[in-house]
Amino acid sequence: MKCSRCKATACVSLPSHHSGFCPDCFKLFFTRQVETAVRREKMFTRDERILVALSGGKDSLALMLELSSQGYDVTGLHIDLGIPDSSEKARAKVEAFCASRGLRLEVFEMAKWGLPIPDVKRFSTRPVCAVCGKLKRHHFNRIALAGGYDALATGHNLDDEVARLFANTLRWDVGYLSDQGPALPAREGFVRKVKPLFRLSEFETANYAFLQGIEIHSDPCPYASGASFTGHKELWGELEHRSPGQKFQFYQGFLQRGRRAFAALDKAEGDVLAPCTACGSPTNAGVCSICRIRESIREKKLEAGEA
Ligand code: AMP
Ligand code: FES
Ligand code: ZN
């Protein structure tokens with residue numbers, strides 16, 4: 001197969017784009033997709049400061065490299081979850097990546113904050129991944145606001161977004177359906193959130209990370225039963241195989257037509273938020289759910305004679 005752009009030997013075939021690319025033209029394709037995402041969704045400008053959440057996986061490191069190559073003002077944020085072995089390895093990959101490329105990095109340690117994820121696993125009655133995700137989002141937002149950043153960027157790709165949209169649709173979850181998208185504007189207590197890789201598939205970000213020689217942390221989380229939405233991702237893999245481009249069309253159709261309709265439905269149910277009386281984060285419940293989780297685990301640890 002020949003590269004669709006320069007006619008050299010192609011290394012990547014992209015049926016959904018009716019194209020194949022050689023390494024250099026694939027990197028250019030990737031850059032163009034990120035540029036289009038940032039421009040069309042008005043994610044940020046070159047005058048703004050962007051905090052990029054870095055897990056150590058292929059998506060977030062690819063995103064950081066691409067945004068810095070495009071001249072954006074980026075700083076990485078890694079949350080060290082405190083999971084023995086796994087978190088040390090992930091953190092080491094992020095630190096080595098940023099150091100070797102001269103990129104700024106902030107590291108936040110859950111253990112120093114008093115709640116390493118192994119404690120959540122032991123003492124919370126709720127699924128550890130759900131609580132962990134909630135805690136991460138809380139700290140992304142809090143650290144971005146405290147540091148005066150204009151936007152918080154995550155490495156979510158098209159497969160992540162489609163799987164989440166599909167799950168929300170199966171439940172007709174109007175709240176989430178009106179609030180899902182690649183760029184969520186800032187509002188009182190919440191920083192702007194953006195996903196500049198939303199036009200690129202998992203396969204494409206993996207290829208980019210490989211071609212750029214990025215050393216990634218690829219071990220799955222020891223507490224997760226699999227990647228999030230694994231079953232839905234498999235279903236979509238099958239649909240995409242039969243009809244290349246369908247994944248993107250489904251998501252794009254939602255952004256252009258679906259989301260507006262759900263936003264209208266959801267308006268009536270909008271929550272009134274006020275700062276948490278303990279930590280100041282926006283909540284509709286006096287003390288926010290993060291502070292309640294932290295307190296309840298602290299009490300259980302005390303009862304177990306461990307704190
Ligand atoms: P995941 O939900 O694990 O697929 O992660 C989605 C995105 O969240 C990643 O692409 C990162 O941008 C961000 N992320 C996940 N875990 C961490 C972490 N421990 N520290 C910083 N960012 C993270
Ligand atoms: Fe959060 Fe595994 S439980 S990453
Ligand atoms: Zn709180």
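Only a predicted model underlies this, so the values are computations on that prediction, with no experimental measurement involved. In listed order, ligands and their atoms are each counted from 1.
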Visitor: Any nitrogen or oxygen of Lys136 lying under 3.5 Å from a nitrogen or oxygen in ligand 1? Just yes or no.
Guide: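 Right, the criterion is met.
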Visitor: If we ignore hydrogens and angles and just use 3.5 Å, is the side chain of Lys93 paired with the main-chain N or O of His217 as donor and acceptor?
Guide: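 A pair under 3.5 Å: no.
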Visitor: Which ligand 1 atoms does His78 reach within 4.0 Å, using its non-hydrogen atoms?
Guide: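 In order of number, 20 (N), 21 (C).
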Visitor: Could you list which atoms of ligand 1 come closer than 4.0 Å to a heavy atom of Ser60?
Guide: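 The list of qualifying atoms is 10 (O), 11 (C), 12 (O).
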Visitor: Under 4.0 Å from any heavy atom of Thr154, which atoms of ligand 1 are there?
Guide: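 Under 4.0 Å from Thr154, ligand 1 has these atoms: 12 (O).
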Visitor: What about Phe29 and Phe26, are their ring centers closer than 6.0 Å?
Guide: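 Yes, the ring centres sit under 6.0 Å apart.
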Visitor: Suppose I only count heavy atoms of Leu77 and a 4.0 Å limit; which atoms of ligand 1 are within that range?
Guide: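 By the 4.0 Å cutoff, the relevant atoms are 21 (C).
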Visitor: Ignoring angles and geometry beyond distance, decide whether Gly155 reaches within less than 3.5 Å of ligand 1 through its nitrogen or oxygen atoms.
Guide: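 Yes; at least one N/O pair falls below 3.5 Å.
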Visitor: Residue-level breakdown please: for Asp80 versus ligand 1, do any non-hydrogen atoms fall below 4.0 Å on the side chain, on the backbone, on both, or on neither?
Guide: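 Answer for Asp80: neither.
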Visitor: Tell me the protein N, O or S atoms under 2.8 Å from the Zn ion (ligand 3), in chain and number order.
Guide: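 The answer, once waters are left aside, is Cys276 SG, Cys279 SG, Cys288 SG, Cys291 SG.
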Visitor: Counting no waters, what protein N/O/S atoms lie under 2.8 Å from atom 2 (Fe) of ligand 2?
Guide: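 Within the sphere that stays under 2.8 Å of atom 2 (Fe) of ligand 2, the protein atoms of type N, O or S are Cys221 SG.
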Visitor: Using a strict cut-off of 4.0 Å, indicate which atoms of ligand 1 neighbour a heavy atom of Ser55.
Guide: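 So the atoms of ligand 1 that pass are 14 (N), 15 (C), 16 (N), 17 (C), 18 (C), 21 (C), 22 (N), 23 (C).
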Visitor: Sub-3.5 Å donor-acceptor pair from the side chain of Arg46 to the main-chain atoms of Gln70, do we have one?
Guide: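 Confirmed, Arg46 side chain pairs with Gln70 backbone.
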Visitor: Could you tell me, atom by atom, which parts of ligand 2 come under 4.0 Å of a heavy atom of Lys136?
Guide: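 Counting atoms of ligand 2 from 1, those under 4.0 Å from Lys136 are 4 (S).
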Visitor: Can you check whether Ala53 has an N/O within less than 3.5 Å of an N/O in ligand 1?
Guide: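 Between Ala53 and ligand 1 (N or O atoms, distance only) the closest approach is under 3.5 Å.
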Visitor: Please verify whether a non-hydrogen atom of Phe140 lies at under 4.0 Å from ligand 1.
Guide: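 So Phe140 counts as touching ligand 1.
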